[in-house]
Colleague: 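What follows is a single structure, and I will ask about it in a moment.
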Protein chains: 2
Amino acid sequence: MSGRREEILDAALAIADEHGIGKVSMRALAERVGVTPMALYRHVSDKAELLDGMVGRLLAGLLPPDAGKGRAWHERLAALGYAVRGMARRHPWAAQLLFSRPAVTPDAVRVVDLIYTALVEAGVPDREVPRLERLISTFVIGFAASEASGRFGTGSLDPRGRRGRLPEGELPGHGRLAPWLDLPWDLDTEFEADLDDLLRLIKAVAGGRD
Amino acid sequence: MSGRREEILDAALAIADEHGIGKVSMRALAERVGVTPMALYRHVSDKAELLDGMVGRLLAGLLPPDAGKGRAWHERLAALGYAVRGMARRHPWAAQLLFSRPAVTPDAVRVVDLIYTALVEAGVPDREVPRLERLISTFVIGFAASEASGRFGTGSLDPRGRRGRLPEGELPGHGRLAPWLDLPWDLDTEFEADLDDLLRLIKAVAGGRD
DNA sequence: ACCTGAACACCGTTCAAGT
DNA sequence: ACCTGAACACCGTTCAAGT
């Protein structure tokens, strides 16, 4: 509709990408658009609605143009997973926001529908499909948010520091796994292995019951 | 150490539980403690450090006093999962914060160690244990955060509203699953089923390779 | 050691007024 | 229809000063 609203969302995305979501204020945004803060409220009802609009923009870019036609269900699911993670890496501020609101915009519903149809095609019983969709999307968004926020740490340094803080013997697990915890690890291959495991889980639900 | 710091954290938790995390400001906190805002900086270096301290408090209450001695690995994992979800239900503001910082406090490391030892006992190959720990904790925290923030919607009303927004035929998945989407659903049994599926996944990794 | 007062550089949002 | 100015009720944090 209004080209002004799109211009405002463009500017908000630019600020978030350049300086972090914390710098996206109505005042800073207004200055970037070249207008008074109050003028924004003509095109956006709220700051919350502004953030929703920003997330909506990213969701719109998530779907493959052909919806993955001609590819197997597990390829379509994996592609979507990689797309979400890639989006979170390009826009680290976005992952946290995905947790805050239900998927009600048209683009978000389309993404959910893509997962539904893939799960149905995989042979998951109809009544289990919505639950598995939430399981998968929760994990994928959670992984993206963890990565973006630094919850996964940086690798080799962290575990070493952790073991140092508590007395030996109080952390038997860390002690036994020490050789693996000291190794640098790669989130790309980890995410790949996680998606593999989730596909296996889907197949188990598809084949194991009903 | 300083009893003053504990008093400050108590007050911050009380404000967050009563009025939401958004009302936890240095100024409001100071007033509740009965002191000037600046006095807080003697006991807390930062607002970020204050939030870390609040999360630390909750993590300390998460571990079973006996570390689950005498119970099977899958019982210990499930108990921890329910504990995390319960915590997020009592303190809805906390789940989002768990995503923001790596688990480096002593209590957080103890929780990670509990999962490590359970996975080792389950027969998961050592080198896969850290990855599976991250997979499980990411899902559990993600579920808790989704529930606390309303990402999962409220049930019956939401899917009906969703389908209405897009033309028929554009959402084949929603169309097929309509009977299940209109049903009210229960997050308690959903979380139980999810944990079951994750335990199955763990067993598959434990038995299937290496 | 512990706390205060005043100040700086910010917020989101309302409301009446301008063109 | 669209934008502005001034104002209200807030923020986190620094810094010099008090006891």
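Residue numbering restarts at 1 for every chain, and letters A, B, ... go by the order of the sequence lines. Quick caveat, the model's predicted, so the values are computed rather than measured.
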Colleague: Let me know the distance between NE2 of A/His43 and P of D/dA1, rounded to the nearest Å.
Modeller: 13 Å

Colleague: Does the structure place the NZ or CZ of B/Arg131 under 6.0 Å from the centre of the six-membered ring of A/Trp185, at an angle of no more than 45° from the ring's axis?
Modeller: no

Colleague: Would you say the side chains of B/Arg176 and A/Thr117 form a donor-acceptor pair under 3.5 Å?
Modeller: no

Colleague: Indicate whether OP1 or OP2 belonging to D/dC3 is found under 4.0 Å from a side-chain N or O atom of A/Arg4.
Modeller: yes

Colleague: To the nearest 0.5 Å, how far apart are CE in B/Met87 and CZ in B/Arg57?
Modeller: 14.0 Å

Colleague: Round to the nearest Å and state the distance from B/Met26 atom CE to C/dC3 atom P.
Modeller: 13 Å

Colleague: Just wondering, are more than 12 heavy atoms of other shown residues or ligands nearer than 6.0 Å to CD in B/Glu31?
Modeller: no

Colleague: Which nucleotide, if any, forms a Watson-Crick or G-U wobble pair with C/dT14, using both distances under 3.5 Å?
Modeller: D/dA6

Colleague: Establish, from distance only, whether the side-chain atoms of A/Arg151 and B/Thr138 form a donor-acceptor pair under 3.5 Å.
Modeller: yes

Colleague: Less than 4.0 angstrom between a side-chain N/O of A/Tyr41 and OP1 or OP2 of C/dT13, yes or no?
Modeller: yes

Colleague: Starting from P on C/dG12, measure out to NZ on A/Lys47 and report it in whole angstrom.
Modeller: 4 Å

Colleague: How long is the line joining CE of A/Met38 and C1' of C/dC15, in whole Å?
Modeller: 11 Å

Colleague: I need the CZ-P distance between B/Arg42 and D/dA16, as an integer number of Å.
Modeller: 14 Å

Colleague: Closest nucleotide of DNA chain C for A/Ser45 versus for B/Ala39: which of these residues is on the 5' side?
Modeller: B/Ala39

Colleague: Roughly how many Å is it from CZ in A/Arg5 to P in D/dC2, rounded to a whole number?
Modeller: 14 Å

Colleague: Assign each of B/Asp46 and A/Pro37 to its nearest nucleotide of DNA chain D by heavy atoms, then name whichever residue's nucleotide is nearer the 5' end.
Modeller: A/Pro37

Colleague: Rounded to whole angstrom units, what separation is found between the NZ atom of A/Lys23 and the P atom of D/dG12?
Modeller: 15 Å

Colleague: Measuring to OP1 and OP2 of C/dC11, would you say a side-chain N or O of A/Ser25 lies under 4.0 angstrom away?
Modeller: yes

Colleague: In this structure, how many angstroms lie between the P atom of D/dG12 and the CG atom of B/Leu29, rounded?
Modeller: 9 Å

